[in-house]
Structure formats: structure tokens, C-alpha cells
Amino acid sequence: MHHPQNTTIIGLQWGDEGKGKMVDHLAEHADIIVRFQGGHNAGHTLVVEGVTYKLNLLPSGIVRPDKKTALGHGVVLDLWALEKEMETLSTAGITITPERFMIAENASLIMPWHRVQDQNRERGLGDNKIGTTGRGIGPAYEDRVGRRAFRAGDLLDPQALNARLQGVADQVDDFCAFAEDMMRFSRTLAPHIVPLWQVLAQSQRRGETILFEGAQGFYLDVDFGTYPFVTSSNTLASQAATGTGLPAAAVGHVLGVVKAYTTRVGSGPFPTELSDTTGEHLGAKGHEFGTVTGRKRRCGWLDGVLLKQACTINGIQALALTKLDVLDELPAIKVAVAYQKAGVTYTHLPLHWRDFSDVSVVYDTLPGWQSITAGLQDYDALPDNAKAYIAYIERLSGVPITCISTGPRREDTIVR
Ligand code: GDP
Ligand code: IMO
Ligand code: MG
């Protein structure tokens, strides 16, 4: 089967690369926007006609009234969070019909006890904590592979659901309220719950195009990230097929989103982290505070070692470079090209995070441009040193940069 012009967007760092903005940008030319992993640990920001939307669970395409959206079974779904987000968006004037928002029947649910487990485990880890979003993501995925999860489709049979709920009565404080909520979800959400693989296959046959919206970032991938300081899902591009039930070829064009510098929320190694005034400057200028938890994001230089590896594993065909404007005032810009530790030079991510922490970093230094790129929409208008930085990243990664973001608003975008 031919898959016309599908696109998969993923983040290539530790999340918050500006995926939401890029998805919003490309959604104009797609028919269905689909999330395929993660849950409401994601926080995707769009700024459209002066209105800022912060989406955790609903695909970013929902803000465009003529688009359909869906959550694949690779997503873990907190029904309470979903209900709240649907209400918030409805209040903002966005209509969410079953036609426009579908949920895969085989998606696993995040239950209230998963959140408690997540937070308790983090407390138990003390200084070694992962710094999760505390939303029950990990425990929900554990129950999925442990073959004991509740799934979205369970809401379609209220009687069987009710019977099964009795079995988890000891897991919640207020069982009556919990069971009542579940019965309400079963009424309100049932029309949205579908065999998504079938719906998507049909829509592909009609020639409609899908835009897959990745959450988190490649170095939070449970297998390829900085384990154990990762999230509990695969965040890599091929998950777009695995997490929706479409054939591998449906992944289509793979676009990697890379921030012009690096940020990370939560714990874990971060070789190019800056704990000086430049780091402070990036955080302040880039408004680097977590969308989900409000935590201050750690900031540092772009890591070319990680970028190259991410491009290889994900088969990145084009890059979107975001937040270029945040570098506007810097006199010089650095990019990591290798790590060194105990006489060993690394040009890839070592297996163990211990080998990756306290490395000394080998940098290339490029001249800054010290002029304003914020809001530019035309490549030719960029200062020469900004163009040189873009060309440098293309050379380093071996991938063309086809889109440059110069601000949070939808229109602050350069397309090449
Ligand atoms: P996501 O999780 O990858 O969707 O990214 P987040 O929304 O968590 O974080 C990106 C933040 O940067 C948001 O506040 C965006 O509004 C903002 N943003 C996105 N692109 C740009 C850009 O090019 N320049 C600036 N200054 N801000 C941007
Ligand atoms: P978006 O989609 C940045 C991080 C958490 C923590 C680790 C595990 O907005 O880019 P989890 O709650 O998933 O078990 O936490 O992953 N994390 C993110 N960091 N952006 C995200 O999403 C993230 N989602 C999870 O901070 O370090
Ligand atoms: Mg985010």
C-alpha cells in the first residue's frame, strides 16, 4: 500500500524542542494528526493568533477546526486528565466531536494508583530519583506489559467494567467517586473509542495524509535514551507505526525537531549543561520552564554527538531548527563534537550513564551574530553568522534543515 505524504515529527533531544509548534505548522497540510506514545507527561505549546494553547494529551492538530486527531494505542491515557483538557479546550471555543477526536480501543489507561506509585517510587529513590512528571506514566506502561491494564475499550462494556472495578476497590481511597467517574467516562468517551488501526487504514486508502506527533525526545527513549533517566515509552520515529497499528512504511517522511541549544528537565546526565551565566541567559531568554510541572529546565549547548546518533537511528530526512532567536545576543556559540573520559574519546552515547556523566566535552566554537532573528520569516533576512550556524549543523548531521523557527508564534517560521 502506498502512503501518500505521511510525516512523522519527533524531538531529537530531551523533549521540549518545539514539537508542538512544528506539528501545528505542518498540520495545515495533513488530514489526521496522531499521537503514538507517551501520555500527559507531554506539554506542547502552540501560539495561534495571540492565543497560547498548552496541550498535554490531545494532538496539536485539534486547534485547527478542519482536522481530525487521534490517540494511538501506544499512548497511556489518564481519563481524568483527558476530561479536564477536553473541557479547557471546549471553553476556549474548540469543538471536539467524536469525528474529530478518536481514541484507540486498545490504548492502556493510567489509573489513579499509577500516579501514587510513580510518586512513591520517586520518593524512595531519594537523590537518585529520575525526576518524572509524577503522572503515573511508568507504572501504567508496566501494567500494560504485565498484562493487567485497563484499556480504553473496556469503557464500551459498562457491566463488565463495573464488575472488574470491584476487584481494584482496595487501590483507591474513595471507591464510590472512582467508580462513578469511570461510569461517566464510559458514557461520555465511548463515541470516541474506535479500532483506530482500521480507521487509519481506511483513511490512507482514501488518500488522506497522517501527521504523527511525537512526544518527549529521542534521548528519553526507554531503549536508546540515557537509561534509566528516560521515560517509559519508545519515542523513536518507528514507534509511529508500532503505536498506531499502521504498516512500517506509513511512518513516511521523518522530520526531527532540534532546538538550537539543549534543555533537559529532571535528572540524568547532560554533558553540555551550562551552570554559568550563559546557561542562565538561555533559560531566561528561552523561557525554559516545564510546561507540565513548571520546573526550571537545565540549559546547555547543542550536542552534535547526540544529534548525529539520533539522526542515524531515526532515519531523519529533514530537520526543523527551533529557538534560533534565543541565541541572538551570544558573542560565540559552541557545539559538542566528542566526549573524553579516562583517555577514551567517545563520538556516540556510551551504554552506561556513569560513563557519560563527568565527561569532558570537545567543542567547536562558532561566532555569534548578535543581531535580531526573532520573528524573521525569510531565510535571506538571517544574519550571515546565523546562516553559517545552520550550515554547520547540516554538515555535522548530514541532514538538511528545511524549517527554522524564530519565535513561539505560528508565523515565526522560515521554510526553505
Ligand atoms: P514541545 O514539548 O516540544 O512541544 O515544546 P514545549 O512547548 O514544551 O516548549 C517549547 C517552548 O518554546 C514553548 O513555550 C514554545 O512556545 C516556545 N517556542 C517554540 N519555538 C520557538 C522559537 O523558535 N523561539 C522561541 N523564542 N520560542 C519558541
Ligand atoms: P514533551 O513532549 C521534557 C521527562 C521527565 C523525566 C523523564 C521521565 O513536552 O517534550 P515520566 O513522567 O515520563 O516518567 O518522566 O522524562 N519528560 C519530559 N521532559 N519534555 C517532555 O515531553 C517530557 N516527558 C517526560 O522530566 O526526566
Ligand atoms: Mg514540552
Side-chain angles (χ1 to χ4, degrees), residues 9-25 35 37-48 52-57 59-60 76 78 110 114-115 117-119 121-122 129-142 213-222 225-233 235 256-270 282 284-298 320-328 372-377 403-414:
I9 295 189
I10 60 159
L12 297 184
Q13 292 152 315
W14 282 290
D16 306 325
E17 296 90 350
K19 299 175 293 296
K21 185 195 151 166
M22 292 317 304
V23 170
D24 173 58
H25 174 68
R35 286 263 320 255
Q37 46 70 233
H40 65 314
N41 49 349
H44 295 179
T45 315
L46 327 183
V47 183
V48 182
T52 300
Y53 301 94
K54 289 186 184 296
L55 301 167
N56 298 125
L57 207 38
S60 297
V76 280
D78 181 318
I110 302 183
H114 291 138
R115 194 171 52 239
Q117 287 165 359
D118 188 356
Q119 291 166 9
R121 271 179 214 168
E122 283 285 275
K129 70 171 194 282
I130 289 161
T132 71
T133 58
R135 298 198 154 189
I137 305 292
Y141 276 115
E142 286 173 40
E213 175 172 3
Q216 289 77 57
F218 181 62
Y219 289 97
L220 291 169
D221 183 280
V222 66
T226 48
Y227 193 88
F229 301 98
V230 292
T231 191
S232 296
S233 67
T235 59
V257 185
V258 57
K259 207 182 302 208
Y261 51 100
T262 307
T263 61
R264 169 160 212 172
V265 229
S267 341
F270 181 176
L282 293 173
K285 181 116 205 263
H287 303 288
E288 297 295 355
F289 292 90
T291 313
V292 173
T293 55
R295 288 178 292 178
K296 204 172 173 178
R297 295 175 183 151
R298 300 153 66 192
L321 182 68
T322 61
K323 302 192 96 161
L324 185 72
D325 55 297
V326 176
L327 305 182
D328 280 354
I372 296 169
T373 67
L376 292 185
Q377 299 173 20
C403 192
I404 299 146
S405 176
T406 57
R409 299 173 308 166
R410 184 184 268 176
E411 61 271 25
D412 301 333
T413 309
I414 297 171

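Order of listing sets the numbers, starting from 1, for every ligand and every atom in it. As the structure is a computational prediction, the values presented were derived from the model and not from experiment.
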Which one of Lys323, His25, Gln13 has a non-hydrogen atom at the shortest distance from atom 27 (N) of ligand 1?
Lys323
With heavy atoms of Gly15 as the reference, note each atom of ligand 2 found under 4.0 Å away.
3 (C), 10 (O), 20 (N)
Could you list which atoms of ligand 2 come closer than 4.0 Å to a heavy atom of Ala42?
1 (P), 2 (O), 9 (O), 22 (O)
Are Thr132 and Arg121 linked by a side-chain donor-acceptor pair shorter than 3.5 Å?
no
Look only at the side chain of Asp412 and the backbone of Ser405, and say whether a donor-acceptor pair between them is shorter than 3.5 Å.
no
Number the atoms of ligand 2 from 1 as they appear, then name those within less than 4.0 Å of a heavy atom of Lys19, with their elements.
1 (P), 2 (O), 10 (O)
Using a strict cut-off of 4.0 Å, indicate which atoms of ligand 2 neighbour a heavy atom of Val265.
3 (C), 19 (N), 26 (O), 27 (O)
Heavy atom of Gly43 under 4.0 Å from ligand 1?
yes
Run the numbers for me: atoms of ligand 1, each under 4.0 Å from some heavy atom of His44, listed by number.
1 (P), 2 (O), 4 (O), 7 (O)
Given 3.5 Å as the limit, does a donor-acceptor pair link the side chain of Glu122 with the main chain of Ile130, or not?
yes
Stepwise side-chain hydrogen bond (donor to acceptor under 3.5 Å, both in side chains) test for Thr322 and Lys21:
CA-CA 9 Å; Thr322 61; Lys21 185 195 151 166; over 6 Å; no
Pair Asp325-Thr406, side-chain hydrogen bond (donor to acceptor under 3.5 Å, both in side chains): steps then yes or no:
CA-CA 5 Å; Asp325 55 297; Thr406 57; 5.8 Å; no
His44, portion touching ligand 2 at heavy-atom distance under 4.0 Å:
side chain
Distance under 4.0 Å to a non-hydrogen atom of Ala215: what atoms of ligand 2 satisfy this?
2 (O)
Give the residue and atom name of whichever protein heavy atom lies nearest to atom 5 (C) of ligand 2, and the separation in Å to one decimal.
Gly131 O, 3.5 Å
So which bit of Val230 gets within less than 4.0 Å of ligand 2, heavy atoms only: side chain, backbone, both or neither?
backbone
Do Glu17 side-chain atoms and Gly15 backbone N/O form a donor-acceptor pair below 3.5 Å?
yes
Could you tell me whether the side chain of Gln13 and the main chain of Tyr219 form a donor-acceptor pair under 3.5 Å?
no
If the contact criterion is a heavy-atom separation under 4.0 Å, does Gly11 count as touching ligand 1?
no
Answer yes or no: is there a donor N or O on one side and an acceptor on the other, between the side chain of Arg264 and the main chain of Ser267, under 3.5 Å?
yes
Which ligand 1 atoms does Ser405 reach within 4.0 Å, using its non-hydrogen atoms?
20 (N), 21 (C), 22 (C), 23 (O)
Report the part of Trp14 (side chain from C-beta onward, or backbone N, CA, C, O) that has a heavy atom under 4.0 Å from ligand 2; answer both or neither where that applies.
backbone
Could you tell me whether the side chain of Ser60 and the main chain of Asp24 form a donor-acceptor pair under 3.5 Å?
no
How far is atom 4 (O) of ligand 1 from its nearest protein heavy atom, and which residue and atom name does that atom have?
Gly20 N, 2.8 Å
Give me the nearest non-hydrogen protein atom to atom 12 (O) of ligand 2 as residue plus atom name, then the distance to 0.1 Å.
Thr133 OG1, 2.6 Å
Heavy-atom donor-acceptor pair, Asp78 side chain to Ile110 backbone, under 3.5 Å
no
What does the angle at the Mg ion (ligand 3) come to, between atom O of Gly43 and atom OD1 of Asp16, rounded to 10°?
170°
Donor-acceptor contact present, side-chain Lys259 to main-chain Asp16, <3.5 Å
yes
Side chain to side chain contact (heavy atoms under 4.5 Å, CB included) between Lys19 and Glu213, worked out
CA-CA 8 Å; Lys19 299 175 293 296; Glu213 175 172 3; 5.8 Å; no
Gln119 (side chain) donor-acceptor with Gly134 (main chain) under 3.5 angstrom
yes
Does an N or O anywhere in Lys21 fall below 3.5 Å from an N or O of ligand 1?
no
Is the shortest distance from a heavy atom of Gln216 to ligand 1 less than 4.0 Å?
no
Nearest non-hydrogen contact to atom 18 (C) of ligand 2 from the set Val222, Leu220, Thr132 belongs to Leu220
With a 4.0 Å cut-off on heavy atoms, does Asp325 reach ligand 1?
yes
Applying side-chain hydrogen bond (donor to acceptor under 3.5 Å, both in side chains) to Arg135 and Thr133, what does each step give before you reach the verdict?
CA-CA 5 Å; Arg135 298 198 154 189; Thr133 58; 5.1 Å; no
To the nearest 0.1 Å, how far is atom 20 (N) of ligand 2 from its closest protein heavy atom, and which atom is that?
Asp16 OD1, 3.2 Å
Starting from atom 26 (O) of ligand 2, locate the nearest protein heavy atom and write down its residue, its atom name and how far away it is, to 0.1 Å.
Arg295 NH2, 3.1 Å
Would you mind checking which non-hydrogen protein atom is closest to atom 13 (O) of ligand 2, with the distance to 0.1 Å?
Thr231 OG1, 2.6 Å
For Arg35 and Gln37, indicate whether the former's side chain and the latter's backbone hold a donor-acceptor pair under 3.5 Å.
yes
Can you tell me if Gly290 has an N, O or S atom under 2.8 Å away from the Mg ion (ligand 3)?
no
Which of the ligand 1 atoms, numbered from 1, are nearer than 4.0 Å to a heavy atom of Arg297
8 (O), 9 (O)
Among all protein heavy atoms in this structure, tell me which lies nearest to atom 7 (O) of ligand 1, with the distance rounded to 0.1 Å.
Thr45 OG1, 2.6 Å
Considering heavy atoms of the protein only, find what lies nearest to atom 23 (C) of ligand 2 and give residue, atom and distance to 0.1 Å.
Gln216 CG, 3.7 Å
Check this for me - ligand 1, Val326, N or O atoms closer than 3.5 angstrom, yes or no?
no
